[in-house]
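Have a look at the structure below before the remarks.
Here, residue 1 is the first one in the sequence, and each next residue gets the next number. First listed ligand is number 1; within each ligand, the first listed atom is number 1.
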Amino acid sequence: MREGQSKVIYRSDYQPPAFWIDAVELVFDLDPAKTRVLNRMRIRRNPDVPPQALRLDGEELNLSRVLVAGQGTSFKMEDNQLVLENLPEGNEPFELEIFTTCYPAKNTKLMGLYVSNDSFFTQCEAEGFRRITYFLDRPDVMASYTVTLRADPKRYPVLLSNGNLVEQGTLDDGRHFARWVDPFRKPSYLFALVAGQLVCREQRITARNGKEHLLQVYVRAGDLDKTEHAMNSLMASVAWDEARFNLPLDLERFMIVATSDFNMGAMENKGLNIFNTKYVLANQATATDTDYANIESVVGHEYFHNWTGNRITCRDWFQLSLKEGLTVFRDQEFSQDLSGSPSARAVKRIEDVRVLRTAQFPEDAGPMAHPVRPDQYLEINNFYTVTIYEKGAEVVRMMQTLVGREGFTKGVSLYFQRFDGQAVTCDDFAQAIADANPESQLAQKLDQFKRWYSQSGTPRVKVTTEFDAGTGMYKVTLAQSCAATPGQPDKLPFVIPVGLGLLDAEGRELTGGMHVLTQASETLTFPGYTSEPVPSLLRGFSAPVILEYDYSDRQLLTLLAHDTDPFNRWEAGQRLATSRALAFVRGDGGKDSWRLDEAYLDAMRSVLRHPDLDAAFKELVLTLPAETYIAEQLDVVDPQRIHAVREAMREQLATALHADWERVFEGNQVLGAYSPDPVSSGRRALAGLALAHLCIAARSSGDTVWPGRAYQRFKDASNMTDRFNALAALVTAGSDLAPQALQRFHAMFKDEPLVLDKWFALQAGAPDRGGNILPIVKQLMTHADFNIRNPNRARSVIFSYCSANPGGFHRADAAGYVYWSDRVIELDAINPQVAARLARALDRWKKLAEPQRSAAREAIARVAAKPDLSNDVREVVTRALAD
Ligand code: TRP
Ligand code: ZN
């Protein structure tokens with residue numbers, strides 16, 4: 001059964017609400033089969049809006065009673081809305097009481113109130129509260145909440161909601177209750193409750209202002225030994241927001257709760273953050289260094305929402321990036337500040353840019369392209385995207401670049417002075433940053449800058465240079481353009497900060513600075529050079545653009561060896577690799593003709609041998625550009641050929657640099673107690689990359705020593721990073737030892753769901769050999785530990801294959817696409833949000849070479865033809881098939 005409206009919502013249609021809800025009292029009788037919800041609201045008409053009916057949103061609810069001021073009243077139902085027409089006139093508040101029931105145990109969408117491992121959880125963003133009770137379920141309606149939870153004390157000993165616990169006790173019928181009052185008004189999407197058998201790690205902290213706070217991390221009983229890192233991350237987050245932005249914790253109690261059934265990463269409910277276990281639980285035996293880093297940034301992210309999102313929230317969902325872009329920017333800065341060294345900061349920046357370029361750039365070039373502040377949507381859940389999050393963060397970062405770090409902090413303070421406690425827009429934020437910095441280029445070009453919010457698509461900056469040896473004049477011309485995107489045929493110029501440096505032929509820095517490009521084309525002149533400089537362009541990745549410049553290999557080798565900007569040093573290495581990969585892919589030769597040149601191999605060798613570069617940085621340089629990144633550079637894509645080329649390049653790096661990989665592996669062993677700090681994790685990452693290459697080399701040489709050592713390492717490792725890297729090296733190289741290692745790994749961790757996710761993902765994402773992966777994926781789905789209803793597990797198998805294994809997925813026989821369409825349809829009946837994410841795996845089908853292109857279109861059409869699709873999946877497949 002499909003309920004719900006299916007009409008497109010437009011930003012331009014925004015109307016303030018006809019009523020305000022000032023206060024809500026909720027009473028829950030928690031029962032998995034049938035939970036009763038009593039909702040008593042104090043409501044008044046919005047005096048600024050002409051009198052009209054009250055329309056409350058509700059979805060999959062059973063309505064049993066509606067009372068106005070204690071009396072029965074007439075009402076009707078119209079497309080999932082409860083419509084009340086005979087309400088008191090005038091602007092006085094009145095009481096509206098609604099009694100409903102819902103079915104948490106049957107809630108497989110994981111939106112609203114649901115059950116996971118016998119505990120109750122809620123997820124209300126964006127529009128989940130309407131699955132709990134009838135309400136004005138929109139972010140600009142902010143109310144005070146009092147919540148009473150009643151439940152069986154044995155099955156649900158812990159009862160949590162937002163704010164402060166004001167009362168608890170036993171009821172006459174043997175159940176117990178807890179009452180929570182949130183001291184802050186909030187929109188419904190920030191409501192949360194949790195009930196179940198949970199335990200918690202506690203920490204008391206004293207803030208800079210002397211106030212005491214209680215921090216808690218709630219998990220299932222066996223997981224308490226995996227909460228230390230999350231708690232440390234939370235403490236660091238509290239301290240950082242005070243120090244960097246003067247934003248203190250505003251609650252006596254701050255809680256994080258982990259659940260293993262969760263649609264996304266985590267949720268910033270006021271004072272009661274709910275997390276996917278993946279972003280809470282870690283100990284050295286079960287979590288990798290990457291997991292530790294992700295936990296730190298997600299804990300930070302949700303905590304930072306307490307100000308950017310909760311204290312100031314979004315007027316409507318088109319403003320989503322107001323909180324998400326800003327909060328991603330804040331969590332990125334947090335991780336950089338915690339990382340401790342300039343090199344570690346650069347590593348974090350490179351990792352963030354890699355995500356932007358491999359995930360957001362394709363989105364911005366595909367059928368789902370949308371501005372950072374979208375103009376329309378069918379299903380808002382489809383707009384929790386890398387564009388809103390990561391590109392939105394880049395837009396905020398450019399603002400900081402344009403006004404300086406201190407100016408940005410001033411701007412944030414002004415933003416809170418003006419809007420604390422309100423629901424506002426992206427314009428309000430940009431205006432505050434500009435007004436606090438009236439002399440800045442941001443203030444002077446604000447309207448033009450805001451095109452970053454309204455225009456979709458990735459701008460290109462084409463650079464040409466000219467050197468006149470006679471006059472010594474060097475000219476750099478920057479020309480910007482942006483291709484058409486759905487609904488936006490023509491674009492106007494952006495404000496683009498371009499970090500720029502000039503090096504001499506020996507790599508010495510001649511000059512450096514920031515140029516703000518505002519015209520379609522501008523020429524910069526640099527007089528007084530005796531020989532042609534080497535340009536270092538878009539330093540630090542100062543804007544989310546594609547920078548085109550016809551670099552020579554010599555220039556790139558100079559930048560890789562000498563640039564003072566670590567980002568561009570890495571970028572030079574990536575450009576060297578990309579140009580080779582593209583030449584191989586575009587050429588008509590086969591594997592034998594894909595020979596890496598000595599200049600490139602020498603450059604990589606010198607990076608590996610470099611005495612001063614950090615291991616983490618070396619690991620990034622030696623990692624070849626992703627297949628999806630290479631694909632984006634081409635007009636017509638043969639994913640299997642790209643995969644083959646990248647594998648061939650890796651094999652040559654493996655054999656040509658064999659002795660160096662050996663030295664690097666030996667030289668980067670981390671001794672002593674485990675710590676996930678950037679230096680140790682960088683060394684483990686580099687040693688892991690070395691081991692992977694040594695196992696790859698062994699495949700062609702017949703060497704058994706390195707696979708043997710990898711197996712030994714796999715068995716003896718004292719932490720998950722080393723163990724998993726060794727396992728992955730064996731699996732990726734297709735070693736004979738892989739099957740037994742996989743079997744052993746499963747036996748060791750059969751009771752650790754997050755580790756089993758890694759085990760599934762590794763196999764579903766492994767390099768395809770003669771079409772072997774799809775059968776493996778199908779086999780994995782019959783495994784006793786597979787469960788399609790658990791989003792983490794579904795992602796570990798299905799997404800790892802369809803979205804993260806292009807070589808295995810894009811089969812010429814179309815079997816990958818048939819599998820995909822079956823899973824999209826299967827998942828849509830269970831969990832439309834997860835299904836719609838999977839549906840996006842074929843976003844870029846139009847670029848595919850034949851026969852894949854036609855087969856992909858057919859598979860999408862097959863999904864689109866299903867009656868009863870969710871809005872989520874329908875929007876994705878309809879847009880994919882458009883024009
Ligand atoms: N606001 C959350 C964040 O970015 C993410 C989020 C939005 C979410 N909708 C969700 C999480 C639905 C889980 C389910 O931090
Ligand atoms: Zn967020």
Considering only non-hydrogen protein atoms, determine which one is nearest to [atom] and report residue, atom name and distance to 0.1 Å.
{"atom": "atom 12 (C) of ligand 1", "result": "Q123 NE2, 3.2 Å"}
{"atom": "atom 7 (C) of ligand 1", "result": "Y384 CE2, 3.2 Å"}
{"atom": "atom 9 (N) of ligand 1", "result": "M264 CE, 3.3 Å"}

N/O of [X] under 3.5 Å from N/O of ligand 1, yes or no?
{"X": "E268", "value": "yes"}
{"X": "E125", "value": "yes"}
{"X": "Q833", "value": "no"}

Nearest-option assignment for atom 4 (O) of ligand 1, heavy atoms, candidates F304, Y189, Y389, F262: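 Comparing heavy atoms across F304, Y189, Y389, F262, the nearest one to atom 4 (O) of ligand 1 lies in Y389.
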Which atoms from ligand 1 have a heavy atom of [X] less than 4.0 Å away?
{"X": "E302", "result": "3 (C), 15 (O)"}
{"X": "A266", "result": "2 (C), 3 (C), 5 (C), 11 (C), 15 (O)"}
{"X": "M267", "result": "1 (N), 2 (C)"}
{"X": "K323", "result": "1 (N)"}

Where the Zn ion (ligand 2) is the vertex, angle from H301 NE2 to H305 NE2 to 10°: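 Answer comes to 100°, rounded to 10°.
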Take atom [atom1] of [X] as the centre, draw a 6.0 Å sphere, and report whether it contains more than 12 heavy atoms from other residues, nucleotides or ligands.
{"X": "E202", "atom1": "CD", "answer": "yes"}
{"X": "R789", "atom1": "CZ", "answer": "no"}
{"X": "D337", "atom1": "CG", "answer": "yes"}

Give a yes/no answer: is there an N/O/S atom of E324 under 2.8 Å from the Zn ion (ligand 2)?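 Yes, within the cut-off.
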When N831 is tested against each of T108, D872, N263, D261 for side chain to side chain donor-acceptor pair (under 3.5 Å), which residue passes?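 The single option meeting the side chain to side chain donor-acceptor pair (under 3.5 Å) with N831 is N263.
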Taking the side chain as every heavy atom from C-beta outward, state whether K323 and T308 have any atom pair closer than 4.5 Å.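 The answer is no, as the side chains (C-beta and beyond) never meet within the 4.5 Å cut-off.
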Do the rings of F245 and F408 sit parallel, tilted or perpendicular, given the 30° and 60° boundaries?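 Plane angle over 60°, so perpendicular.
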For the residue pair F304 and W240, categorise the inter-ring angle as parallel (less than 30°), tilted (30 to 60°) or perpendicular (more than 60°).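 F304 vs W240 ring planes: tilted.
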Have a look at F129 and tell me which of Y189, Y134, F135 forms a ring pair (Phe, Tyr, Trp, His ring centres under 6.0 Å) with it.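 Output: one option passes, namely F135.
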Does K106 make a cation-pi contact with Y103, if we ask for NZ or CZ under 6.0 Å from the ring centre and within 45° of the axis?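 Yes.
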